[in-house]
2 protein chains.
Amino acid sequence: MESIFHKTDCLHCRIADLCLPHGLSGDEVSKLESIVRRKLPAKPDEYLYRQQDLAHSVFMVKTGSFRSFVSDTNGVEQTIGFYLPGELMGLDALENGRYHCSVIALESATLCELPLPRLQDLCSKIPSLQSQLMHIIGREILSEHDHIVLLSKRSAREKMATFLLMLSTRYKMLGFSSTEFNLSMRRDDIANFLGLTIETVSRQLTDLSKNGIITVKQRSIHINNLHSLKEIVEPCLPQHFALAN
Amino acid sequence: MESIFHKTDCLHCRIADLCLPHGLSGDEVSKLESIVRRKLPAKPDEYLYRQQDLAHSVFMVKTGSFRSFVSDTNGVEQTIGFYLPGELMGLDALENGRYHCSVIALESATLCELPLPRLQDLCSKIPSLQSQLMHIIGREILSEHDHIVLLSKRSAREKMATFLLMLSTRYKMLGFSSTEFNLSMRRDDIANFLGLTIETVSRQLTDLSKNGIITVKQRSIHINNLHSLKEIVEPCLPQHFALAN
DNA sequence: CGAGTGATTGACACTCATCAACCCAAGTGG
DNA sequence: CCACTTGGGTTGATGAGTGTCAATCACTCG
């Protein structure tokens, strides 16, 4: 087990360019390497950490996917985000050193742990690492803005279409197919993320298949007509947003 | 004009503890001071910057308030946040060096401009400045999480009550009254922020006044019964959230 | 095979958006 | 000085879009 992970060092990591090494010299990468703790794989439904836990690290997804959520006083969950490879989890702990969300693995996954004190220390020594961290933090903020826009005043149909397109875009960026993928999350999770009920999500998915725009079979999604999907979403896209095709 | 602003240096600034100087030595504060550009006051409805503008700085609100929003391709706006003194604007530019939101002053306001390259440079020299910046970034992320939770699956009544309590808490933190304040934003802005229509906001406000919980006269809000307001919000508060009273 | 979880479908109810009229305060101009 | 305008806000009537509840189906696993 261990050996597998040691082989995949930062220099040869598939997602290095989405991750902290981006823009660093070989020498700098090995310094970064020295503070990274490679974690054993996470299993489905395994907690990475829980809301309120003391936070010592942030975590970069290497493979697989995760879901972050907050629970209210009644234990009702609100999904905040889904994390795919190249996305950094735990930034919500920057405020007071405790995680504000819980994070759970949606499937088998691997990740790298970055101890916060050592990361900050290294950032002050390597300016381009500092920039890249800021860049990644900025990405997180933007994705939350997109989530806010999505939740506020969009129809169920628009939400669903946008969700599928978001995934499509992210998979494409990772070098996977943008038209054929498996949802790693359940309908509940999607519904909760979109501020809908599970029934509405289900109905929207069947509607989209009836129109021939997508084909759904359980968790597997095939986008037959990316163009139509975009037409549903188009009118409400922020100006900056250029979706991949 | 200028002189007024020069007098209020970071050491004597009312909001220093919410801002970057927090935790810095006197010496470090003066280094920080040297990169701060004090801006002339902003006038109501004046743009601080626009979506897509090249971003050279982030901005700390000193007095007054601002609204940030994104516009979609049809020019329809979505309000992302309201900024009060001690809150940092422009972090959405960290991703690619352009602002992702537009920001507009809601009233007469003053602010400090922090050029990003110089700030990052200084952060690598002053570890506690780096920490405090991270702390402030964390605050921004948390407030966006709260916004997400608010938008998703809350009733109009809960949204309105939460909004008032959020303002109450923030004003209290600034040393103002937590039960009596003026809204600096219009009903449109509130509605848009909460994912409601202006009519619904109006109806909720009148409902709350009919129940004697608040008194509304135009923009002025008086909270008569903070406890009732909290009871409306209580069941859906994230566990970490401790509202001031 | 039966139990259990996840997903779909249908019938109905309810919240909130929509549309329209109206109110109020603060200008503005003849 | 008063009619008129204008922008922000409130109120009322109506209906669409989703949530809710319940039954059923599809898979998986023991």
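Among C:dT8, D:dT20, C:dT18, the nucleotide with an atom closest to any side-chain atom of A:R187 is C:dT8. Checking C:dC16, C:dT8, D:dT10 against every side-chain atom of B:T206, the shortest atom distance belongs to D:dT10. Across D:dG9, D:dT18, C:dA17, the shortest atom-to-atom separation from the side chain of A:T200 is found for D:dT18.
Comparing A:K217 and A:Q204, the nucleotide of DNA chain D nearest to each residue sits closer to the 5' end for A:Q204. Comparing A:K210 and A:K153 by the nucleotide of DNA chain C whose heavy atom lies nearest to each, the residue mapping closer to the 5' end is A:K210.
Here the side chain of B:S168 pairs no donor or acceptor atom with the backbone of B:T179 at under 3.5 angstrom. Looking only at distances, no side-chain donor or acceptor of B:S152 sits under 3.5 Å from a matching main-chain atom of B:I148. In this structure, A:T169 contributes its side chain and A:L165 its backbone to a donor-acceptor pair below 3.5 Å.
We find that CZ of B:R186 is positioned 13 Å from P of D:dT10, with the value rounded to whole Å. Following rounding to the nearest Å, B:L194 (CG) and C:dA17 (P) show an atom-to-atom distance of 10 Å. Rounded to a whole Å, the CG atom of A:D45 is 13 Å from the P atom of C:dT5. The interatomic distance linking B:I198 (CD1) with C:dA17 (P) rounds to 12 Å, in whole Å. Here D:dG9 presents its P atom at 11 Å from CE of B:M185, a figure rounded to the nearest Å. C:dA21 atom C1' lies 13 Å from atom CZ of B:R203, rounded to whole Å. Rounded to an integer number of Å, the gap from A:L151 CG to D:dT18 P is 13 Å. For the pair A:D188 CG and C:dG4 P, the computed distance is 18 Å after rounding to whole Å.
Closest approach of B:F82 to B:D189, counting heavy atoms only: CZ-O, 3.7 Å.
Nucleic acid contact for B:L205: none, since no nucleic acid atom lies under 4.0 Å from a heavy atom of the residue. Within the nucleic acid shown, B:E199 comes within 4.0 Å of at least one base atom, counting heavy atoms only. Counting non-hydrogen atoms under 4.0 angstrom, B:R219 reaches the backbone sugars and phosphates but no base.
Salt bridge annotation for A:R219-A:E107: absent, with no cationic side-chain nitrogen under 4.0 angstrom from a carboxylate oxygen.
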